[in-house]
Amino acid sequence: MTGIHVVVGASGGTGRALVRELVRRGRQVRAINRSGSIPVPEGVEVAAGDATDPDRMIELCRGAAVVYNAVNVPFVQWREAFPKAVDGVLAGARAAGAVMVFADDTWMYGRVEGAMREDLPYRPVSDKGVLRAWLAERVLASHSRGEVRTVIARAPELYGPQVESLLARNLFGAAVGRSPAVWVGAMDQPLGPLFIDDFARGMIELGEQEASYGSVWHIPTPPAITARKFLSILEAESGSRVRALRVGAGTARPLGLVWKVAQEGAEMLYQFHQPHVVDASAYQERFGPVEPTAYEDGIRRTLQWYRQSPRQRLMSLGA
């Protein structure tokens, strides 16, 4: 697809993976984050911009063919900043006549008993799930009104280099630092985490496939495993014993009295006491079969990044 590919939120794990993959595909890339300072491959344009500023987004999205909204708003700023960031990126894409691809999660589905499908009703059981549902509807409404061509890429828990998630410092940082790993949830429920590069590839595919526009798509993951199995692979790939501490909501919520991030994230822990797996058959049937990164390979590559980034080893529950 000709034109500039603009990545908003380029300093986060999803944004960096998008930049890497777009460059690999030979696309012209403009990477945007708040500071305008981020290490990027040669040839990538970097610019400073606040996604909540629509005028700045209009300026920075000029000439774009596809705009990727990978903005990662800190938990404590969600209610105030996230809607403004979505509106700002939509304004930029609308002014450029570009497609907007929105990076999303599964919090809007609420409590489930099996794999999550795109046609499930939104039944959020947390404030952040309600906000996620509202933002998704807002993005799709822009498409249905003919304002912006939009598409939503949705993933379960992510892991990989630069990714902040339940699987990040709590597991990988701990394994590299030889500290106890922390898992918040059931050890034997089905779990289908997605390697960050696979999420980026899926987002790019959706942005360049007109048949995807106006819809939500689950990005394919490897076959589901369990937290216990994931930890065993982590242990094998790290070459050292990984001792796991299991923390439930009853522990995480009191932590919130002194730890704001734990307080903000505790309401989401229900997800890890139920199956946390997506059904991505619709994507596979529409766009062809995909071979996601195997857990062994993804874990090995993530461990390598943590070994090279010692500052990332500090554990941060729910960050």
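Position 1 is the first residue of the sequence; numbering continues from there.
Between I299 and T302, every side-chain heavy-atom pair lies at or beyond the 4.5 Å cut-off. You'll find the side chain of L131 reaches within 4.5 Å of the side chain of P83, heavy atoms only. P161 has its side chain out of reach of R16: every pair of non-hydrogen atoms, C-beta onward, lies at least 4.5 Å apart. Contact annotation: the side chain of V112 approaches that of Q274 to within less than 4.5 Å [non-hydrogen atoms, C-beta and beyond]. The side-chain heavy atoms of K128 and W78, taken from C-beta on, include a pair separated by under 4.5 Å. At least one side-chain heavy atom of F195 sits under 4.5 Å from a side-chain heavy atom of R301. Side-chain contact between L194 and I219 is present, with heavy atoms from C-beta onward closer than 4.5 Å. Within the 4.5 Å cutoff, the side chain of Q271 has no heavy atoms near those of the Q189 side chain.
Every pair passing side-chain hydrogen bond (donor to acceptor under 3.5 Å, both in side chains) that includes a residue from residues 46-58 is listed here, sequence neighbours excluded: R34-D50, D50-T52, R56-E59.
Minimum interatomic distance between P222 and P193 (heavy atoms only, all atoms of both residues): CD-O, 3.7 Å. Considering every non-hydrogen atom in both A98 and V67, the closest pair reads CB-CG2, 4.0 Å. Nearest heavy-atom pair across A10 and N33 is N-CB, 4.3 Å. Counting all heavy atoms, side chain and backbone alike, R94 lies closest to E147 at CG-O, 3.5 Å. Closest heavy-atom contact between L206 and A153: CD1-CB, 3.7 Å. Taking each heavy atom of L158 and A155 in turn, the nearest pair found is CD2-CB, 3.9 Å.
The backbone N or O of E235 lies less than 3.5 Å from a partner atom in the side chain of S238, making a donor-acceptor pair. For Y122 (side chain) and W107 (main-chain N/O), no donor-acceptor pair under 3.5 Å exists by modelled atom type. For the pair E157 (side chain) and L166 (backbone), a donor-acceptor distance under 3.5 Å is present. Without hydrogens or angle criteria, R30 side chain to E45 main chain gives no donor-acceptor distance under 3.5 Å. The closest donor-acceptor contact from the side chain of E237 to the backbone of R300 lies at 3.5 Å or more, if one exists at all. With D279 contributing its side chain and A115 its backbone, the two residues share no donor-acceptor pair below 3.5 Å. At distances below 3.5 Å, at least one donor-acceptor pair connects side-chain atoms of Y213 with backbone N or O atoms of G207.
To the nearest 0.5 Å, the span separating CG on L167 from CG on L191 amounts to 6.5 Å. For the atom pair CG (L135) and CG (L140), the distance works out to 11.0 Å, reported to the nearest 0.5 Å. How far CZ of F102 is from OG of S142: 11.0 Å, rounded to the nearest 0.5 Å. Atom SG of C61 and atom CD1 of I32 lie 5.0 Å apart (nearest 0.5 Å). Note: I225 CD1 to S232 OG = 7.5 Å, rounded to the nearest 0.5 Å. Expressed to the nearest 0.5 Å, how far OH of Y270 lies from CZ of R111 amounts to 7.5 Å.
Cluster annotation: V23 and I204 are assigned to the same hydrophobic cluster (Ile/Leu/Val/Met/Phe/Trp/Tyr, side-chain heavy-atom contacts under 4.5 Å, transitive). Linking Ile, Leu, Val, Met, Phe, Trp and Tyr whenever their side-chain heavy atoms come within less than 4.5 Å leaves V277 and V125 in two separate clusters. Residues I58 and V7 are members of separate hydrophobic clusters, defined by side-chain heavy-atom contacts under 4.5 angstrom among Ile, Leu, Val, Met, Phe, Trp and Tyr. Both W134 and M108 belong to a single network of hydrophobic side chains, linked directly or stepwise wherever heavy atoms of I, L, V, M, F, W or Y lie under 4.5 Å apart. Under the 4.5 Å side-chain heavy-atom criterion for ILVMFWY residues, a single connected hydrophobic cluster contains both I38 and V44.
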Go through V6 and M100 one step at a time and tell me if the side-chain contact (heavy atoms from CB on, under 4.5 Å) criterion holds. CA-CA 9 Å; V6 176; M100 198 277 272; over 6 Å; no
S126 vs R132, test: side-chain contact (heavy atoms from CB on, under 4.5 Å). Steps then yes/no. CA-CA 10 Å; S126 67; R132 273 295 193 182; over 6 Å; no
Start with the C-alpha gap between E208 and R27, add the side-chain angles, then the distance that decides, and say whether salt bridge (charged side-chain N to carboxylate O under 4.0 Å, His left out) holds. CA-CA 12 Å; E208 299 186 352; R27 307 295 191 264; 2.8 Å; yes
Residue pair R25, E21: steps toward the salt bridge (charged side-chain N to carboxylate O under 4.0 Å, His left out) verdict: CA-CA 6 Å; R25 296 185 183 205; E21 181 62 20; 2.8 Å; yes
Test side-chain contact (heavy atoms from CB on, under 4.5 Å) on N69 and V101 and set out the steps. CA-CA 6 Å; N69 186 341; V101 186; over 6 Å; no
Steps toward side-chain contact (heavy atoms from CB on, under 4.5 Å) verdict (T221, V278): CA-CA 8 Å; T221 68; V278 298; 4.0 Å; yes
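Between Y283 and W217, the ring planes lie perpendicular to each other; the angle is over 60°, past the 30° to 60° tilted range.
With sequence neighbours excluded, the residues satisfying side-chain hydrogen bond (donor to acceptor under 3.5 Å, both in side chains) with D127 are R79. Among residues two or more places apart in sequence or in another chain, the side chain to side chain contact (heavy atoms under 4.5 Å, CB included) test is passed with R228 by M187, D188, T226.
We find that R20 and D197 are joined by a salt bridge, their nearest charged nitrogen and carboxylate oxygen being less than 4.0 Å apart. For the pair R201 and E205, the salt-bridge criterion is not met [side-chain N within less than 4.0 Å of a carboxylate O]. Note on E210 versus R149: no salt bridge recorded, every NZ/NE/NH1/NH2 to OD/OE distance being 4.0 Å or above.
Among V151, T150, I152, the one residue that satisfies the side chain to side chain contact (heavy atoms under 4.5 Å, CB included) test with S212 is V151. Under the ring pair (Phe, Tyr, Trp, His ring centres under 6.0 Å) test applied with F230, the options W183, Y159, F272 reduce to a single match, Y159.
Annotation: Y109 is in aromatic contact with H218 [ring centroid separation under 6.0 Å].
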